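What follows is a single structure, written as structure tokens, with notes after it.
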Amino acid sequence: MASENGAEGRLGWLISKAAAAMGLGLARAFSEAGLSLSPQQYGVLSAIGRGSDPSQAEVARSLRSDGPSVTRLVDGLARSGLVRREPSG
């Protein structure tokens, strides 16, 4: 089994760096397009678009995120007029 400093640690570090670079690239593309949207907000919009009126809990699960973080993101999207909250049920 590889140690944390071995191949597994290096792979994790490379994946982390790739994810950070992708996030920065996405943020730059949004900015250049005149969109005030973060990569995290895009993730929420994408999760909503894939579902059939998903709840915030379902969005959080699909993003592997915690509920309070998704709530903050949805709050910002609602203030921007990009999403509308509707009661469950």
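In this text the structure is predicted, and so the values were computed from the model without any measurement.
S80 places a side-chain N or O within 3.5 Å of a backbone atom of G76 that can act as its donor or acceptor partner. E58 contributes a side-chain N or O that, together with a main-chain N or O of S55, makes up a donor-acceptor pair within less than 3.5 Å.
In terms of heavy-atom proximity, Y42 sits nearest to L26 at CD2-CD2, 4.1 Å. When all heavy atoms are compared, the tightest approach of V59 to A47 is CG1-CB, 4.0 Å. Smallest separation of non-hydrogen atoms from G23 and P39: O-CG, 3.3 Å.
L37 and M22 are members of different hydrophobic clusters when ILVMFWY side chains are connected at heavy-atom separations under 4.5 Å.
Between V83 and the options D75, L45, V44, a side chain to side chain contact (heavy atoms under 4.5 Å, CB included) holds for only L45.
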Worksheet item: Given S31 and R28, is the side-chain hydrogen bond (donor to acceptor under 3.5 Å, both in side chains) satisfied, shown in steps?
Response: CA-CA 5 Å; S31 178; R28 187 178 311 116; over 6 Å; no
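Summarising the geometry, atom CD belonging to Q56 is positioned 11.5 Å from atom CG belonging to L63; distances are rounded to the nearest 0.5 Å. We find the CD-OG distance between Q41 and S36 to be 7.0 Å, quoted to the nearest 0.5 Å.
A 6.0 Å sphere centred on CZ of R85 holds more than 12 heavy atoms belonging to other residues, nucleotides or ligands.
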